[in-house]
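Notes follow the structure.
Nothing fancy with the numbering, it's 1 onward along the sequence. No hydrogens, no waters, no symmetry mates; every other heavy atom, side chains included, goes into these values. First listed ligand is number 1; within each ligand, the first listed atom is number 1.
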Amino acid sequence: MDKKGLLIVISGFSGVGKGTVVKRLVQDYGYSLSVSATTRAPREGEIDGRDYYFKSKADFMNLIDYNGFIEWAIYVENYYGTPRAFVERELAAGHNVILEIEVQGALNIKNQYPDAVLIFLTAPSASELKERLVGRGTEDPAVVDKRMKRAAEESADMDQYEYIVVNDDLDQCVKDVNSVIVAKGCMIEKNMEFMNQMKAELQAL
Ligand code: 5GP
């Protein structure tokens with residue numbers, strides 16, 4: 001069966017553990033992960049080309065001008081964008097590609113790729129979310145506040161997603177997200193070509 005890959009969009013509040021969940025999905029199930037470009041400064045331990053392509057604002061603007069992104073957005077004063085070439089190449093090769101992006105980008109993707117599956121990850125409660133963000137220790141308190149405010153804004157768009165998964169237990173969350181993706185890939189409308197071929201083959205027998 002020769003199929004185009006699925007585009008999988010994973011969003012969630014800052015601090016919910018998206019990065020960890022996505023890494024596990026790549027490791028355990030072999031999804032392709034799109035590496036975004038950003039103008040944000042690298043956090044300790046982050047590597048250019050692995051975690052993000054870290055860009056100056058001028059370089060980022062240049063990439064926008066050259067249609068280098070399938071989507072981009074501003075999140076808490078920094079630019080983030082999904083490089084076009086990797087995604088298009090991987091989908092054409094039949095690979096399932098994960099984009100770990102925020103809400104505006106996700107809705108933009110849904111407009112351009114109606115077949116994309118949109119999954120929202122959340123913590124079990126708002127207080128748990130704040131605890132994780134503070135506990136991570138990578139942001140100073142002012143940034144934590146901004147990110148919590150942004151989470152409150154983003155919660156308004158949660159119902160634009162098709163699936164919501166709670167990240168309480170990591171292993172369970174990874175399994176649940178994978179189940180959602182597998183189910184999406186099995187939908188009748190995603191398999192029209194295959195079904196028509198089966199029908200034709202059966203009739204020819
Ligand atoms: P962080 O600074 O914590 O790495 O990311 C901040 C937010 O930007 C997260 O919600 C993350 O999902 C989102 N993000 C990362 N890359 C992209 C991207 O390419 N496009 C969009 N729209 N959002 C992104």
With under 30° as parallel and over 60° as perpendicular, where do the rings of W72 and F60 fit, or are they tilted in between?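 W72 and F60: perpendicular rings.
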Contact check: [X] vs ligand 1, nitrogen or oxygen atoms, below 3.5 angstrom:
| X | answer |
| --- | --- |
| E71 | yes |
| S14 | no |
| Y75 | no |
| W72 | no |
| Y80 | yes |

Closer than 4.0 angstrom: is that true for some heavy atom of [X] and an atom of ligand 1?
| X | answer |
| --- | --- |
| Q104 | no |
| Y52 | yes |
| G81 | yes |

Could you go step by step and tell me if I8 and K184 meet the side-chain contact (heavy atoms from CB on, under 4.5 Å) rule? CA-CA 10 Å; I8 302 144; K184 180 79 180 188; over 6 Å; no
Tell me whether the count of non-hydrogen atoms from other residues, nucleotides or ligands lying under 6.0 Å of CD in E201 goes above 12.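 Enclosed.
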Region of E46 that comes within reach of ligand 1 [heavy atoms, distance under 4.0 Å]: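 Neither part.
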Per-residue contact class, R150 against ligand 1 - non-hydrogen pairs under 4.0 Å: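 For R150, no heavy atom sits under 4.0 Å from ligand 1.
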I'd like to check which ligand 1 atoms, numbered from 1 as shown, lie under 4.0 Å from a non-hydrogen atom of S36.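 Within the 4.0 Å cut-off of S36, ligand 1 contributes 16 (N), 17 (C), 18 (C), 19 (O).
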Taking it one step at a time, do Y79 and T38 satisfy side-chain contact (heavy atoms from CB on, under 4.5 Å)? CA-CA 5 Å; Y79 288 80; T38 183; 5.9 Å; no
Begin with the C-alpha distance, continue with both residues' side-chain angles, and end with the deciding distance and a verdict on side-chain contact (heavy atoms from CB on, under 4.5 Å) for T122 and F13. CA-CA 6 Å; T122 175; F13 303 123; 3.6 Å; yes
